[in-house]
Structures are given as C-alpha cells and as structure tokens.
Amino acid sequence: MKRDHSPVLPGDGDTDYARYMRVDELLDLQRTPEQVICRDELLFQVVHQSTELWLKLAASELREAAARLDAGEPGVAELLLTRAALGVRLVTDQLEMFRHLSPADFQAMQPALGNGSGAESPGWRQVQAASRRLGRAFADHLAAVGVDVSALPGTDPADPLHRLAEAMVEWDERVASWRVRHYQVALRIGGHGPAGTPGSPATMLARLIDHRFFPELWQLRVGVAGPAPATPRA
C-alpha cells in the first residue's frame, strides 16, 4: 500500500524532512563556488559552522543543568553535563578535517576571512557563560545541603553530588583537550609561531590550555589546600 509522502509542514522544501531541518537554508550558508577564492573554504566553513551548532547545544545543556541543580536535582544535572561534554568531544574530533588543509591554502583564503578569529565565536562565549553559571549553581547547592566541597572525595561514588562533581571534572578535561587540539592545528596550518613567540596567537591558545572552570575540584584531586590559583580568562 503506497503511503503519501507529500509534505504537510509549512515552509520551503520538497519534503517534510527538508522543511523541518530547513535544509535549503542550511546548505545555502556556505560560500558558493563562484565566491570562494580557495576551494577549501567549504571545508573550513563546514567545520566551523558545525562547531557553532554543537556549542549551541552544549550551552543549552549547561544552562539546563544549572537550572536543575537550582531545583535540587544533581542527578539530572549530571546527565545533562555529560551530554554537553560529548558535544565538545565531537567538536574536537572534527578538527581532524584540518589535516587536509595545507598552510598554503589557509594563507590563500585569509582575505576571505577578513579580521575574523575563532576567539569571536558566539557559541564559545555562550559556553563560557553557562559554565560559570553552573559553577555558581553547584556552590549554592552545596551550601543549601550543608556539604563542604572538601568532603566530596570521601562521599560514595554513587552519590549524585559525587557523580556531578566527576562530570564537572570531565567537562573541564574535554574543553582542555579541545584547546590542545586547536593549538596544534594553529601550529600546523595557521603559520603561527609556537607558544612564547612574541605576537603569536598560539601563545594565547597555549596559556588557555591550563584554564579550568572548576579549579577547586581539581585541587581536591591533588590534595592542594587553600584558595584556587588564578587562571587565565577563558
């Protein structure tokens, strides 16, 4: 029996899939073959545009995790944070595509990029803000339930607060791994001098590798007492 596949959703596209996913708009966001000055601009844009989508999702999960923690649901917050961390892992993995981008081709496409920089990523700024929000929610929740952060290592590994603290460490680690890979890509294709080279963007990237959103949780793992050390701004 033949099914009717005619679209019923409003919008452009020959199918409901195309209309719901807004495929025509999505695939029109890249520069056309007539516009590009280097064919690898498509590779470059696809990696960065998909990165923005994953970061949008990660930031949404982080904000919801903070809201659930405010509502006294650390178990749900942990699950959401785990999803956000997976999103950053996927962002990191797709940097492998840049193995196919030569330094010469990257330099050739520089005029098309203008003064643009990955540091201007709106998705990353949302992730930064959401991570700080989660850190505040975690501190407030500990205070509300009367648990000192220093007591977390001795709690039952199955305890929701313990699991959430571990997920927060995992989040920091995933972000650090992304930064390490980004730094390596900058050296490989960006024509940047290594860390320490005056004026090199790679120097800032290298400094940020050691940044942690939740330094107090890392201190607990190495038994360091006292206030958290200052870290560069993410």
Side-chain angles (χ1 to χ4, degrees), residues 51-92 117-183 204-234:
T51 292
E52 291 297 329
L53 290 173
W54 283 119
L55 293 178
K56 179 178 182 178
L57 177 60
S60 175
E61 304 289 31
L62 289 168
R63 287 192 293 268
E64 180 65 16
R68 292 303 187 99
L69 197 49
D70 287 340
E73 302 177 62
V76 179
E78 179 224 336
L79 293 175
L80 292 164
L81 184 53
T82 299
R83 287 164 51 148
L86 178 56
V88 171
R89 174 185 169 184
L90 296 173
V91 166
T92 305
S117 166
E120 300 167 343
S121 162
W124 174 238
R125 291 178 180 176
Q126 291 177 26
V127 163
Q128 288 176 298
S131 296
R132 291 190 286 265
R133 170 73 182 87
L134 178 62
R136 292 192 298 270
F138 184 67
D140 291 344
H141 183 74
L142 290 181
V145 298
V147 175
D148 190 276
V149 68
S150 63
L152 288 175
T155 57
D156 183 346
D159 181 89
L161 273 179
H162 185 107
R163 291 176 59 88
L164 176 58
E166 289 295 293
M168 292 167 73
V169 169
E170 172 75 7
W171 168 253
D172 262 344
E173 187 175 358
R174 289 295 182 190
V175 170
S177 295
W178 176 32
R179 283 171 159 154
V180 168
R181 193 71 192 96
H182 190 191
Y183 169 69
M204 178 57 70
L205 289 175
R207 286 177 57 201
L208 290 175
I209 287 171
D210 290 330
H211 177 272
R212 298 292 184 270
F213 287 112
F214 317 115
E216 67 283 357
L217 296 179
W218 289 88
Q219 286 184 329
L220 291 175
R221 303 181 88 82
V222 295
V224 178
T231 56
R233 292 190 64 185

Exercise answer: donor-acceptor pairs, residues 53-61 side-chain atoms, under 3.5 Å, sequence neighbours excluded:
residue: Glu61; atom: OE2; partner: Arg83; partner atom: NE; Å: 2.7
residue: Glu61; atom: OE2; partner: Arg83; partner atom: NH2; Å: 2.7

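Closest heavy-atom contact between Pro160 and Gly75: CB-N, 4.1 Å. Taking all atoms of both residues into account, the shortest heavy-atom contact from Leu62 to Ser131 is CD1-OG, 3.7 Å. Contact detail for Leu152 and Ala165: the closest heavy-atom pair is CD1-CB, 4.1 Å. The two atoms that bring Arg68 and Ala77 nearest to each other are CB-N, 4.3 Å, heavy atoms only. What you find for Glu52 and Gly123 is that their closest heavy atoms are OE1-N, 2.9 Å.
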Begin from the C-alpha positions of Asp172 and Leu217 and carry the test side-chain contact (heavy atoms from CB on, under 4.5 Å) through to its verdict. CA-CA 10 Å; Asp172 262 344; Leu217 296 179; over 6 Å; no

Carefully, step by step, assess Trp171 and Val127 under the rule side-chain contact (heavy atoms from CB on, under 4.5 Å). CA-CA 11 Å; Trp171 168 253; Val127 163; 3.5 Å; yes

Apply side-chain contact (heavy atoms from CB on, under 4.5 Å) to residues Phe138 and Leu69 and explain how you reach the verdict. CA-CA 7 Å; Phe138 184 67; Leu69 197 49; 3.9 Å; yes

Give the intermediate values and the outcome of side-chain contact (heavy atoms from CB on, under 4.5 Å) for residues Val175 and Arg179. CA-CA 6 Å; Val175 170; Arg179 283 171 159 154; 3.9 Å; yes

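In this structure, the separation between NE2 on His182 and OG1 on Thr92 is 10.5 Å, given to the nearest 0.5 Å. Taken from CG in Leu164 to CG in Leu79, the straight-line distance is 10.0 Å, to the nearest 0.5 Å. Atom CZ of residue Arg212 and atom CD of residue Gln219 lie 12.0 Å apart, to the nearest 0.5 angstrom. Note that CD of Glu216 and OG of Ser150 are 11.5 Å apart. Values are rounded to the nearest 0.5 Å. Here the straight-line distance linking atom CD of Glu73 with atom CG of Leu80 works out to 9.5 Å at 0.5 Å rounding.
Residue His141 qualifies as enclosed at atom NE2: its count of foreign heavy atoms under 6.0 Å is above 12.
Every residue two or more places apart in sequence or in another chain that forms a salt bridge (Lys or Arg N to Asp or Glu O under 4.0 Å) with Asp70 is listed here: Arg133.
Sorted by first and then second residue, the side-chain hydrogen bond (donor to acceptor under 3.5 Å, both in side chains) pairs with a member in residues 159-169 read Glu78-Arg163, Thr155-His162, Glu166-Arg221; sequence neighbours excluded.
Between Trp178 and Trp124, the ring-plane angle classifies as perpendicular under the 30° and 60° cut-offs.
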